[in-house]
Structure formats: C-alpha cells, structure tokens
Amino acid sequence: MMPRSARAARGVGLCCFLANLCLAQVHAEDQTEFQCRPQTCSTLLPSTPVDDATTNDCAYRAGNLWWVDYVAGSLAWSDHRADNPVIVAIFDDGAYIDHEDLRNQLWTNEAEAHGKPGVDDDGNGYVDDIHGWDFVDNSPDVSPKGECRSRVSHGTMMASLVGAERNNGIGIAAAGSDGARLMILRIAGCNRNANDYADPKRIAQALEYATRMGARILSFSAHWNATTPELDQAFAEIANRVDSPHPAIIVASVPNKGEPEAGYPAAYQFRRIVRAIPIGNDDMISPGTTVAPPGLNLGAPSACVIGASSSPSRYRLEQGSSNSTAILSGLLAGIWASPPYAKLTTDEFLARVVQGRMVGTLRRSKPGSRTPYLDGVPLADACLLETERRKARICSQPGSQRELRP
Ligand SMILES: [Ca+2]
Ligand SMILES: [Ca+2]
Ligand SMILES: [Ca+2]
C-alpha cells in the first residue's frame, strides 16, 4: 500500500475552472486592456453604474468588477490604507509579485527588506524571505516556475482577487484592496514530477511560517484528498485549538468539478474554517459543487471574474471555485481591517461578524435542486459595513442583510 503522504501528493489540485459559464473568455487576454472595456459576462448585476464613484481602476469603471459589487466590496474600501492591515497568506503555485496591480499590495518582512542579502536578518530560519517563501524549491523567489511560466498564473490571479491595488487607475480592484496585505507562499509547482506536488510536510511548514509571521487569514484555492496525522495536527493548532498562540482563519475552497468529497482543508470540521461555496452566473450554486460539511459556509462568485494573470500587466477572465475562495478571503480581510472590527481577535471576528452577521443573512443563493442546498446558501457580502453615508445597491435588494435590522 502506498504511504499516506504519497497518496496525498497525487490528490493535490488547484480548484480550477468551470468551462461553460463565461462568454467573454476567448482570447480575452490577447486584447490590449480588454479589462477596461465593458465585457458581456455576468448577468447577475447591471454592469453600470458602479457603487463607488471615486474608484478609478479601469475594470471597475467599465463595470467589469460586478463580483466586487455582488459582495458589496466597496463598503470595505476607505480613504486610506488600513492602519492594521490583515495579512492574507496565499497558499498556491506562486505569484508574479512585480505585476502592476500586486507590487504595492504585498506583505513585507521589514527586517529582510532592510537587511543583508544572503543573511537571515530576522532569524526565522528563512534567508531573504521578503514577501513570502517558495516551499517547493526552498527559495525566497515566490514567482511561478517551470511549466507555470508559460501559463496563466493561478496564484497571481488569486492574489489579485484578494487584494489588487485600488485607485491606481489600472486593472482591477478587490474587496481587500485597502485592508489586506498579501503573503505569497508557493506550496505547489506545476511540472509533472513528484517534487512539484504539494506534500503534507511542506504544507505544514507553510502553515507554521504564515501564522508565525502574522498572517490572520490563510487562503486555500487548492485542495487535497488525503492527509497525515502531522498535517491534521498542524491545522488543528491554528484552526481549532482554543488557546492557540497563532489562531488564524482558514478560508477553504469547495471544489465544483464533481468531486465526491470536498477534500482538505474544507473537510476539517474546525472552528476557524470558513468555506467558499461557488456561485455561478445564474445566482445558484455552481453545478458540480461538492457537498460541504456544515459550518461557516458562504457563497461567493465563481464565474466571469477578471484578475491579474501574468507579469507585468496582463489580466484574464476566469471561472471556478478558486475565484470564490480568493474573493471571500479578500472580503473578510477588508471587513476585518475596517474601523468597527479592526480590533477584534480572530475568535471575536468569527463569532460576531462571520457567524453573528454574515452566516445569518437573509440574502441567499437561489434555491437548488439537491440536498443539502435546497434552500441555497447565505451569500457573502460586506453589507454589515453600511452606514448612512456609504451604501451599496446589493444591500438594499430583497433578501438582503438590511432586512435583519430593526
Ligand atoms: Ca528571514
Ligand atoms: Ca536578508
Ligand atoms: Ca488596480
């Protein structure tokens, strides 16, 4: 019988993309600044007007960031960057950190940024780890490598959906633009050799690194189908232990390609797991979505989502549960960094905001046709940040969170 870790390695996959929902994907990346021209894509929201008239990113002005409006992401934006940003660790296949919409959004290890090349300036065991770490090749260079360099970069896309730079006039914006800082952790390669698969030991190392260096949200647009006791323990320390020294929220993807099981980390029934349920263009749970365990499960857009794809300035339309996961991570970061909630601990944020407000929303996806989703799922949004001055259209629609208020 194969060792468990070997079986795990074969089960690892990025939660890639549904093929049939997006109309404007073909050759989209080949067009110059395609993201700045209105795309016929989602039918969920009118493409104009946008909710935040002062935001100048061209994809937003063109009405192409419908998925930001769908989660009321503009309510998490502010006039200045958050004083205490939420560090979001992107567990993926690396990212082009020199992309025009990412380079100013990165978490930075200041000791290394101002330290000496070749020296572990902060003594954390990683030499020159300025914006994250490549756990595949044990290197500070977190950019995609091998076959990934000739493809659309999954990790770059995910990072941009969490927290692309806002109000720089170009590209996209995300709910976490002002509140999140991006830590890039490369845990999987994309060549077809054994070293490029994410293995449990490597993931455990990355978990330990992320939380020790201050990440409060760990975003997994990836899943695997087997685990080890050691990896289970590493997740439990962060996501379940009551007195954990480094508690963090695990945002886990729920696959939508007909997989029989949700896979890890979504399958863990730990207190700090929040799962992203992919919502398609018809306002329903995406076809093929795996049944998720009960818990903190929130619907987030999957289809027709524009994000950064490769260096230095390329973008692409994609679909799939990976997108939902990154969008939810950015949304949670944006809310958590906002003034009413910025001082909450991890467990306070989960109890008061995620469980207390978001999961209880009356705004739900359309009813489905199979259990356990007959009544749909609660939809993620930032409507709890609405004030008299700042509103979002989605929050005043029937079934919105506003109806919860007296
Ligand atoms: Ca270091
Ligand atoms: Ca150094
Ligand atoms: Ca931008």
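Read the numbers this way: they start at 1 and go in the same order the structure lists the ligands and their atoms. Each residue takes its place number in the sequence, starting with 1. Keep in mind it's a predicted model, so treat the numbers as computed, not measured.
Under 3.0 Å from the Ca ion (ligand 2) lies no N/O/S atom of Asp120, from backbone or side chain alike. At a threshold of 3.0 Å, the Ca ion (ligand 1) has a backbone or side-chain N, O or S atom of Asn124 nearer than that distance. Distance check for Pro117 against the Ca ion (ligand 2): none of its N/O/S atoms falls below 3.0 Å. Here Asp57 meets the criterion, with an N, O or S atom under 3.0 Å of the Ca ion (ligand 3). Here Gly118 fails the criterion, with no N, O or S atom under 3.0 Å of the Ca ion (ligand 2). For a distance bound of 3.0 Å, the N, O or S atoms of Asp121 include none lying that close to the Ca ion (ligand 1). At a cut-off of 3.0 Å, Ala59 is not counted among the residues with an N, O or S atom near the Ca ion (ligand 3).
Side-chain contact between Thr289 and Pro278 is present, with at least one heavy-atom pair separated by less than 4.5 Å.
Atom OD1 is the N, O or S atom of Asp128 at the shortest distance from the Ca ion (ligand 2). Within Glu165, the N, O or S atom lying nearest to the Ca ion (ligand 3) carries the name O. The N, O or S atom of Asp122 with the smallest distance to the Ca ion (ligand 1) is OD1. The N, O or S atom of Glu112 with the smallest distance to the Ca ion (ligand 2) is OE1. Atom OD1 is the N, O or S atom of Asp129 at the shortest distance from the Ca ion (ligand 1).
Judged purely by distance below 3.5 Å, without hydrogens or angles, the side chains of Asn323 and Ser302 never pair a donor atom with an acceptor atom. Side-chain contact, Asn167 with Trp77: no donor N or O sits under 3.5 Å from an acceptor N or O. With 3.5 Å as the limit, one finds a donor-acceptor pair spanning the side chains of Asp283 and Tyr70. Under the 3.5 Å distance criterion, with hydrogens and angles disregarded, a donor-acceptor pair is assigned to the side chains of Tyr268 and Asp232. In this structure, a donor-acceptor pair under 3.5 Å is present between the side chains of Asp52 and Thr54.
At the Ca ion (ligand 3), the angle from OD1 in Asn168 to O in Ile170 is 80° when rounded to 10°. For the pair O of Val119 and O of Lys116, the angle whose vertex sits at the Ca ion (ligand 2) is 90° to 10 degrees.
A perpendicular orientation is assigned to the rings of Tyr341 and Phe349, their planes being inclined by more than 60° (bins at 30° and 60°).
Under a cutoff of 6.0 Å and an axis angle of 45°, Arg216 and Trp336 form a cation-pi pair.
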Practice task
Show your working on side-chain contact (heavy atoms from CB on, under 4.5 Å) between Leu296 and Leu298 and close with a plain yes or no.
Solution key: CA-CA 7 Å; Leu296 304 175; Leu298 290 164; over 6 Å; no
